[in-house]
Amino acid sequence: MTSQNDDALKRLRCQRIGCNATFTEDDNPEGSCTFHDSPIFHDGMKEWSCCKRRNHDFSLFLEIPGCKTGKHTTEKPVLTKPVATSKTPAPAPAPSTTLGSSTPSKELCSRCRQGFFCSDHGSQAKEQTNYAPAVPAGSNVAAEVPPAPVKKKIGINEPQICKNKGCGKTFKEKDNHETACSYHPGPAVFHDRMRGWKCCDIHVKEFDEFMGIPPCTKGWHDANPSS
């Protein structure tokens, strides 16, 4: 029991963005840490500067797996402040146009190239919603409803990672209780270059300061939050 307690005291929390794992100095091989570089926030879009993956939703943005590997560290990363560059294409000397129209072709249209909806060419945004085909009136065929996903059975001694915002700790179900988790119920708020949590009404300017805002709520650890 004493050795287990000593091991728990020696475990350190990795400070790389996107990792949040615990480690010991004796067990920290190269490649054990996966992480991201600096984030970019521009016009409501969140993007990782390292792998260019992006999302509007902050919770889903933080769940994007790290694209770099290395060793765990307790040193906080020095965040650069990358500037979101404009994606306006350079003017072409003689852009091709459709017959009888001054509208540029789909290949040269800036909205189409960036994946946004374009009324001129009928292109849709990259993330499209798939709609089920409508069932004709009077038909006896019931609309197919996809079955609810089967929740994976987890043993009470199996380690899990809490997905509550601001927690990220590893826990076992046997040790879980109503005050085991410290987290933010959210949502995260980004407005006028300020970042913060609506739940505790704390707002800061820098991303590393935002990630360091202490959780304001106690509750159960949850490896599969509904939101």
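Shown here is E30, whose CD atom has more than 12 heavy atoms of other residues, nucleotides or ligands within 6.0 Å. Within 6.0 Å of CG in L60 there are more than 12 heavy atoms belonging to other residues, nucleotides or ligands.
Ring pair H72/F23 is parallel by interplanar angle, where below 30° counts as parallel and above 60° as perpendicular.
Atom SG of C51 and atom NE2 of H36 lie 5.0 Å apart (nearest 0.5 Å). Interatomic distance, OH of Y183 versus NZ of K165, reported as 9.5 Å (0.5 Å rounding). The CZ atom of R53 sits 16.0 Å away from the NZ atom of K46 when rounded to the nearest 0.5 Å.
By the rule that hydrophobic residues join a cluster once side-chain heavy atoms approach within less than 4.5 Å of another member, W197 and F190 end up as members of one cluster. When the side chains of ILVMFWY residues are joined at heavy-atom separations under 4.5 Å, either directly or via intervening members, F61 and I17 end up in a single hydrophobic cluster. Put simply, F35 and I64 are part of two different groups of oily side chains (I, L, V, M, F, W, Y) that touch within less than 4.5 Å, one to the next.
Between F210 and F41, the ring centre distance reaches or exceeds 6.0 Å.
Contact of the P215 side chain with the C200 side chain is not registered, since no non-hydrogen atoms from C-beta on lie closer than 4.5 Å.
A donor-acceptor contact closer than 3.5 angstrom links the side chains of S182 and K218.
Among all heavy-atom pairs drawn from L62 and W48, the shortest one is CD2-CZ2, 4.5 Å. Minimum interatomic distance between A180 and H221 (heavy atoms only, all atoms of both residues): O-NE2, 3.2 Å.
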